[in-house]
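Some notes on the structure that comes next.
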Amino acid sequence: MKLLEISGHGIPWLLGTLYCLSRSDSCAGREVLMNLLFSLLLDLLLVALIKGLVRRRRPAHNQMDMFFTLSVDKYSFPSGHATRAALVSRFILNHLVLAIPLRVLVVLWAFILGLSRVMLGRHNVTDVAFGFFLGYMQYSIVDYCWLSPHNAPVLFVLWNQQ
């Protein structure tokens, strides 16, 4: 369960995306990774904003032994892991060519991650359900605002100089 919790945490996703971005040697790869980074940052911002506004306490049986928490992580609504799982799953399914068994595994990972949040006592079912909805909608925003060398040339020029 802990490994599943870490697999949906924002820090490994951000660090992994930055690492892959620094190692990418293709323009198409950098474009996808830049948009994944944008997605993850948007997710962190929106979840922190909503948690700060709603301030719903975590379930009473939750133990605060989570992997690397921040101040808003004492709140429960929405589940950041669920938003990230829905967002990343939709991102992967739309931008990677995967065989059907791998596509099923991506969806299962997201579903089981959400289920684990409730089983670990981190969230209520409504926190996870809204998190899935929010993550799904966040991808729609990212897809609409897709960053490319044509509409955001400064970002790509800056990254290519590093």
Side-chain angles (χ1 to χ4, degrees), residues 3-54 66-73 75-114 116-117 122-123 127-162:
L3 188 58
L4 195 55
E5 181 172 60
I6 292 169
S7 79
H9 197 284
I11 300 298
W13 277 101
L14 282 171
L15 292 176
T17 302
L18 285 169
Y19 175 77
C20 290
L21 197 50
S22 71
R23 305 288 295 170
S24 178
D25 58 357
S26 91
C27 289
R30 277 194 298 273
E31 182 176 335
V32 169
L33 289 165
M34 190 84 72
N35 282 283
L36 180 58
L37 182 61
F38 169 61
S39 302
L40 294 169
L41 293 172
L42 176 67
D43 177 59
L44 289 174
L45 178 72
L46 288 178
V47 168
L49 182 70
I50 294 170
K51 280 186 179 197
L53 290 172
V54 174
M66 292 183 282
F67 171 75
F68 191 80
T69 60
L70 299 171
S71 64
V72 293
D73 285 333
Y75 301 121
S76 178
F77 184 88
S79 166
H81 281 71
T83 61
R84 203 163 304 105
L87 170 69
V88 167
S89 294
R90 196 164 173 212
F91 195 100
I92 287 171
L93 293 174
N94 283 302
H95 295 286
L96 293 179
V97 178
L98 298 174
I100 291 189
L102 290 176
R103 295 176 79 77
V104 170
L105 281 176
V106 168
V107 173
L108 269 176
W109 167 76
F111 177 75
I112 292 170
L113 185 75
S116 77
R117 306 311 291 157
R122 307 284 196 232
H123 294 281
D127 303 336
V128 172
F130 184 78
F132 281 146
F133 171 75
L134 182 61
Y136 188 87
M137 297 311 295
Q138 284 174 356
Y139 177 79
S140 297
I141 294 168
V142 170
D143 194 43
Y144 181 77
C145 301
W146 189 261
L147 303 173
S148 73
H150 302 291
N151 65 10
V154 173
L155 285 176
F156 289 89
V157 168
L158 288 175
W159 194 263
N160 287 334
Q161 289 178 354
Q162 292 181 353

Next item on the list: Let me know which of D143, L96, L40, N35 forms a side-chain contact (heavy atoms from CB on, under 4.5 Å) with F91.
Entry: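 So, applying the side-chain contact (heavy atoms from CB on, under 4.5 Å) to F91 and each of D143, L96, L40, N35, only N35 qualifies.
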Side chains of [X] and [Y], heavy atoms from C-beta outward: is any pair under 4.5 Å?
X	Y	answer
R30	L21	yes
N94	Y139	yes
V54	Y75	no

Next item on the list: Check whether any side-chain N or O of H123 sits under 3.5 Å from a backbone N or O of S76 as a donor-acceptor pair, and report yes or no.
Entry: yes
Check: Do S22 side-chain atoms and Y19 backbone N/O form a donor-acceptor pair below 3.5 Å?
Finding: yes
Margin query: Checking F133 now: which residues fulfil side-chain contact (heavy atoms from CB on, under 4.5 Å) with it, not counting sequence neighbours?
Written below: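 Testing F133 for side-chain contact (heavy atoms from CB on, under 4.5 Å), a comparison that skips the adjacent residues, returns F130, M137.
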Next item on the list: Go through the structure and list residues passing side-chain contact (heavy atoms from CB on, under 4.5 Å) with C145, not counting sequence neighbours.
Entry: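 So C145 forms a side-chain contact (heavy atoms from CB on, under 4.5 Å) with F38, I141.
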Where is the tightest heavy-atom contact between [X] and [Y], given as atom of each residue plus distance?
X	Y	value
L87	S39	CD2-O, 3.4 Å
L33	T17	O-CG2, 3.5 Å
F132	A85	CE2-CB, 4.3 Å
P78	L134	CG-CD2, 4.1 Å
E31	S148	OE2-CB, 3.6 Å

Item checked: ring pair (Phe, Tyr, Trp, His ring centres under 6.0 Å) between W146 and H95, intermediate numbers included -> CA-CA 12 Å; W146 189 261; H95 295 286; 4.5 Å; yes
Notebook entry, point to check: Does a donor on one side chain and an acceptor on the other come within less than 3.5 Å for R90 and S140?
Noted result: yes
Notebook entry, point to check: Going by atom types only, do D43 and T83 share a side-chain donor-acceptor pair under 3.5 Å?
Noted result: yes
Name every donor-acceptor pair, under 3.5 Å, that has one atom in a side chain of residues 98-111 and the other anywhere in the protein, sequence neighbours excluded.
unit_1: R103; atom_1: NH1; unit_2: L93; atom_2: O; d: 3.2
unit_1: R103; atom_1: NH2; unit_2: L93; atom_2: O; d: 3.3
unit_1: W109; atom_1: NE1; unit_2: S7; atom_2: OG; d: 2.9

[X] [atom1] to [Y] [atom2] distance, which is reported to the nearest 0.5 Å:
X	Y	atom1	atom2	value
H9	R84	NE2	CZ	7.0 Å
L37	L41	CG	CG	4.5 Å
L14	L36	CG	CG	8.5 Å
R122	R117	CZ	CZ	6.0 Å

